[in-house]
Chemist: 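Input: one structure, supplied below.
First the proteins, then the strands, lettered A, B, ... as listed; each starts at 1.
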2 protein chains.
Amino acid sequence: MIEETQTKGERTRQAVLDAAHRLFIGQGYAATSMRQIAKKAGIAPASIYNHFDSKDKMFEAILLERHPFLQIMPILSSTQGRNMEEFVRGAAHTLVDQLGHYPDILNLMLTEIVEFQGEHVSLLFQKFIPRVMPLIQRLYSLDGNMRDIPPFVLARAFLGMFFSYYITGALLGQAMPAEMQANALDHFVDIFLHGVLVKETA
Amino acid sequence: MIEETQTKGERTRQAVLDAAHRLFIGQGYAATSMRQIAKKAGIAPASIYNHFDSKDKMFEAILLERHPFLQIMPILSSTQGRNMEEFVRGAAHTLVDQLGHYPDILNLMLTEIVEFQGEHVSLLFQKFIPRVMPLIQRLYSLDGNMRDIPPFVLARAFLGMFFSYYITGALLGQAMPAEMQANALDHFVDIFLHGVLVKETA
DNA sequence: CCTACCGATCGGTAGG
DNA sequence: CCTACCGATCGGTAGG
């Protein structure tokens, strides 16, 4: 036992959050019942309501405390790299190594888009923007003979590269053996880098 | 009335498919009830089972007959363009103009990934691969001083550019007014083109 | 944090 | 293609 500062109530809350988080990722929001969550968390279904007002509020709490951005951003922050190429290559591989090749990581985000029509987006935006801004600034100020691309667009394209890698991977990964999977990330990174940097040698 | 070749049963089937399609896109699979679908289609709930064995089979039929790829691919096929740049710019704008700026188009695909864990992916792959192959070949054989990128990776990156545009748009679109939205597609296309082509002038 | 339970709604069937 | 209905399960509450 390392940390004992959590109250019992807080530990139970986290157990519920853990259970619900995994179930939402695995099968979506509507298909997950309070009874499934309770069983996985090891308590009675009614006890969940001591910690969350409703299923909806619980989902909102999970978004705010477990959104994939909260895993992605610390990794990006700790990525070394003296110039754009080093940073992007390092970030891409560290992200994929630590988050895994399967797109489950994005599922919570995708569920919010499809099952809630993105209704929490502005809430999340407000919460995350202060943490994202320094990263955008850092990305933009890296050396590398960058073409004339606005900082926000650059950040969006960088993020988009991961999303597209994961989602096309989900679409193809189960249907293809390896010919397209192998080194796909490296190719995506190459295309992004060539797309963003001014070519040094013709 | 243009076409009268459809039987009444077929027309009802299509009405059910239309209703379910729109509901699944708008709120996902599990959150959509057979009663909602029946009401929107104008028939009794039980009557749906004259056309589909189960809710699951109905979703499968919608995937096979209404998957976003079936809208995307004809647009790509009819896009003119003598070289890579013309083709990609034309394809990007025609797609977005005809499909709209909002990512609803991808929702059926995203629902399948999240709520069905991509279990229909290989089925869809089998059905679509014969139509996709010519497009990959065409894309790859376009003029444009292309860098050394395998055809499959090129096609995947091209597709990924749209996905990332739509999904990052869904994430940002509701929270931002215009500063990042304006010309975002053009920037994405530029990055892709620079990323894929050999630079002509330093 | 539990047992017991609520009304509502679910996917699907019987039978015509 | 409908009416009528099935058992099961849903999110949530009462009361302790």
Chemist: Whole angstroms only, please: what is the CG-P distance between A/D53 and D/dG12?
Modeler: 10 Å
Chemist: For D/dC1, take OP1 and OP2 only and decide whether either is under 4.0 Å from a side-chain N or O of B/T12.
Modeler: yes
Chemist: Who does D/dG16 pair with, Watson-Crick or G-U, both distances under 3.5 Å?
Modeler: C/dC1
Chemist: Can we call the ring centroids of B/F116 and B/F59 under 6.0 Å apart?
Modeler: yes
Chemist: Atom NZ of A/K39 and atom C1' of C/dC2: how far apart are they, to the nearest Å?
Modeler: 18 Å
Chemist: Roughly how many Å is it from CD1 in A/I48 to C1' in D/dG11, rounded to a whole number?
Modeler: 10 Å
Chemist: Rounded to the nearest angstrom, tell me the gap between atom OH in B/Y49 and atom C1' in C/dT13.
Modeler: 9 Å
Chemist: More 5' along DNA chain D: A/R35 or B/H51, using each one's nearest nucleotide?
Modeler: B/H51
Chemist: First locate atom CG of B/L135, then atom OG1 of B/T79, and finally report the distance between them rounded to the nearest 0.5 Å.
Modeler: 9.0 Å
Chemist: Whole Å only: how far is the CE atom of B/M34 from the C1' atom of C/dT9?
Modeler: 14 Å
Chemist: In whole Å, what is the span from the CD1 atom of A/I43 to the P atom of C/dT3?
Modeler: 12 Å
Chemist: Would you name the heavy atoms of B/A31 and A/A30 that are closest together and state the gap between them?
Modeler: N-CB, 3.7 Å
Chemist: Quick check: on DNA chain C, is the nucleotide nearest A/G42 upstream (toward 5') of the one nearest B/A30, or the reverse? Name the residue that is more 5'.
Modeler: A/G42
Chemist: Donor-acceptor check, side chain of B/N183 to backbone of B/D186, threshold 3.5 angstrom: yes or no?
Modeler: no
Chemist: Look at the side-chain N and O atoms of B/S33 and state whether any lies under 4.0 Å from the OP1 or OP2 oxygen of C/dT9.
Modeler: no
Chemist: Whole Å only: how far is the CG atom of A/D56 from the P atom of D/dC10?
Modeler: 16 Å
Chemist: Rounded to the nearest Å, what distance is computed from the CZ atom of residue A/R13 to the P atom of nucleotide C/dC1?
Modeler: 13 Å
